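Computed from a prediction, not measured in an experiment: that's the story for all the values here. Lettering follows sequence order; numbering is per chain, from 1.
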Amino acid sequence: MAGFPSTQSEVTSLAEAAPRVRFAPSPTGYLHVGGARTALFNWLFARHHHGTFILRIEDTDIERSTSEMVEGILQGMRWLGLDWDEGPYFQTQRMDLYRQTAARLIASGHAYYCFCTKEELERKRAAALADGRSAKYEGICRGVPREEAARRRAAGESAAVRFAVPETGSTYFDDAVLGRVEFANNEVEDVVLLRSDGAPTYHLSVVADDIDMRISHIIRGSDHISNTPKQVMLYEALGEPMPVFAHVPLILGPDKTRLSKRHGATSVMAYRDQGIVPEAFRNFLALLGWAPPGGTAGILGDAELIRLFDLDGISKSNAIFDRAKLDWFNSEHIRAFSAEKLLPLVEVEWKKAGIEPDLMDRDWLLRTIDLVKPRARNLRDFATLFRAYFTDSFEADPAAVEKFLKDENVRQMLVELGGRYAASEDGFSEQETEKLLYDFAAEKEMKAGPLINGARVALTGQGVAPSLFAVMAMLGRERTVSRLKAAQEMAARAMNQEV
RNA sequence: GGCGCUAUCGUCUAGGGGUUAGGACGGAAGAUUCUCAAUCUUCAAACCCGGGUUCGAUUCCCGGUAGCGCUACCA
């Protein structure tokens, strides 16, 4: 690395102050779960250390970047609750910085003009690959004298700018999760810094921006490991203090291949649409590839996550996305939510499902949500599984009818029971409704169980529900009676539907 | 192919030169009998393979194997 100023000693100077980290997505797609976790780790790190979390949009690939995707990413970040302290910065608005940085590199002899055409390079690469040789750029234009390069450019010939990678020696970095990683310099290609149209490539823009924004810790996916030596060289060539690199393992699908659309939803917004709550998603994502000291972790809120999070808990190996576990986190978080917090979230689901809660009394809604939430796996359940609690317009689950309402006698008894509830002078509390049913069962000389289970289906349309009498008390006399009396019709419809 | 990274129950992980290798999700069984997607109890389930170092390796070292990543004028 002769000729490069040593900057390793300056590592500490950047890392010692309050950390500055960034999430730098490319707007060529939505915010996917891998990116979301990278963002979350950066956010947790910044919050834990009272540092700064910066959002930077890497949109230098104008062909593939779109403003819809920018909006989609911001939306995803907001939904996930990852608030940023600076930005969003857009690289397309910072072009001057990159050109200046490239000029510095050319001036110091660390970069040079390359006149090779794309087609030429493509052909050579194909040939090299066919021969089993390395497809690395051979550095042909490195030998072009400065004056000649200037002349050719003046004559209108287009040129890219390449970085002149040292031909010997090696480059290393001490990764905060992986430890020391070293690459032989001759394995590293003379990467393009500036395209022939003057636009920067990723390698130039990240380094220029990370320097300019004084990023102290670069926490990103491990798919960037092989890019790192190039960036380290750039820091050295520029004589800038080195940040700390922390490469986070990737998230894989259940088949151990990189997570993609094939595995189902990858966009974080799709999880919102599935009724996942952000608290659960953060908890789940944080524990994918990271574990707090001691390793045992379950339901954690943001305060605990922030308190516990640090780089040394990040695992080195890839993690598989486990949907069942996400669902578990989600049900636990929903259960921990107050009904007041749940209500507006649930109202969104009702709206989507065309439910206008017939019983609009807010207090009643809150109590019902509390009654039902221990059995919820996601927010949508409040509009599907629990639909009957909030509207009279619901259909029975055929499986539940099959299980508990198949017996004609039971159905008749339920209708009759409905009449009893209608005629009763008693109140409609849990205790009173329970007493009436048991008395009724005794009178008819039948067990209460089948009646209770049948009534559950008649009242809720489901085979799974809270305690029946709590449900009755919640629904009130009028609804309980009319639903019991409609047991026959409901069962008939469900059994028809089944065929 | 080349280069790099990784390897503990099915999954996420803790641990660490001598342990009954711990926890959580999921799974199974049981209890509750008013259902279960709720609750409680119990159970099954792992150190990739081969060498080396060592009194002793799952742990440290080397090799293999496998998986993943990168290998663009994408990011």
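If you check every strand for non-hydrogen atoms under 4.0 Å, A:L250 touches sugar and phosphate atoms only. Using a 4.0 Å heavy-atom distance criterion, A:A465 is classed as a base contact. Among the heavy atoms of the strands lying under 4.0 Å from A:R335 are primed sugar atoms or P, OP1, OP2 only; no base atom is included. Backbone-only contact: A:F183 has heavy atoms under 4.0 Å from sugar-phosphate atoms and none from a base. Residue A:S467 is classed as a base contact, given a heavy-atom separation below 4.0 Å to a base. In this structure, A:G289 reaches the sugar-phosphate backbone alone: every heavy-atom distance under 4.0 Å involves primed, P, OP1 or OP2 atoms, never a base. If you check every strand for non-hydrogen atoms under 4.0 Å, A:P466 touches a base.
Applying the Watson-Crick and G-U wobble criteria (two distances, each under 3.5 Å), B:A28 pairs with B:U42.
Between the side chains of A:N42 and A:H217, no donor-acceptor pair is found at a separation under 3.5 Å. Side-chain contact annotation: A:R220 with A:T228, donor-acceptor N/O pair under 3.5 Å present. At a cut-off of 3.5 Å, with distance as the only test, no side-chain donor of A:R307 or A:H48 sits close to an acceptor on the other residue. With 3.5 Å as the limit, one finds no donor-acceptor pair spanning the side chains of A:R94 and A:Y89. Side-chain contact check for A:N378 and A:Q274: no donor-acceptor pair (N or O, by modelled atom type) lies under 3.5 Å. Defined by atom type and a distance below 3.5 Å, a donor-acceptor pair is missing between the side-chain atoms of A:D61 and A:Y202.
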Please tabulate the protein-to-nucleotide N/O contacts below 3.5 Å involving nucleotides 71-75 of chain B, giving atom names and distances.
unit_1 : atom_1 : unit_2 : atom_2 : d
B:A72  : OP2    : A:R125 : NE     : 3.4
B:C73  : OP1    : A:R125 : NH2    : 3.3
B:C73  : O2'    : A:K118 : NZ     : 3.3
B:C73  : O2     : A:S196 : N      : 2.7
B:C73  : O2     : A:S196 : OG     : 3.0
B:C73  : N3     : A:S196 : OG     : 2.8
B:C73  : N4     : A:C116 : O      : 2.5
B:C74  : OP1    : A:R195 : NE     : 3.2
B:C74  : OP2    : A:R195 : NE     : 2.3
B:C74  : OP2    : A:R195 : NH2    : 2.7
B:C74  : O3'    : A:R195 : NH2    : 2.9
B:C74  : O2'    : A:D61  : OD2    : 2.5
B:C74  : O2'    : A:R64  : NH2    : 3.0
B:C74  : O2     : A:R64  : NH2    : 2.9
B:A75  : OP1    : A:T60  : OG1    : 2.6
B:A75  : OP1    : A:R195 : NH2    : 2.9
B:A75  : OP2    : A:Y202 : N      : 2.6
B:A75  : O3'    : A:E58  : OE1    : 3.0
B:A75  : N6     : A:N227 : OD1    : 3.2
B:A75  : N6     : A:N227 : ND2    : 3.2
B:A75  : N1     : A:N227 : ND2    : 3.3

Let me have a per-nucleotide readout for nucleotides 22-29 of chain B, 5' to 3', with B, S or -, counting only protein heavy atoms under 4.0 Å. -SBSS---
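Taking CD of A:E71 as the start and OG1 of A:T66 as the end, the distance is 10.5 Å to the nearest 0.5 Å.
Each of A:V177 and A:T257 lies near RNA chain B, and the nucleotide nearest A:V177 is the one positioned closer to the 5' end.
Between A:D397 and A:R387, no side-chain nitrogen of the basic residue sits less than 4.0 Å from a carboxylate oxygen of the acidic one, so the salt-bridge criterion is not met.
Residues A:E416 and A:R420 have side chains in contact (heavy-atom distance under 4.5 Å, counting atoms from C-beta outward).
Separating the C1' atom of B:C12 from that of B:C49 is a span of 25 Å, rounded to the nearest Å.
Rounded to whole angstrom, the span from the CG atom of A:L252 across to the C1' atom of B:U13 amounts to 16 Å.
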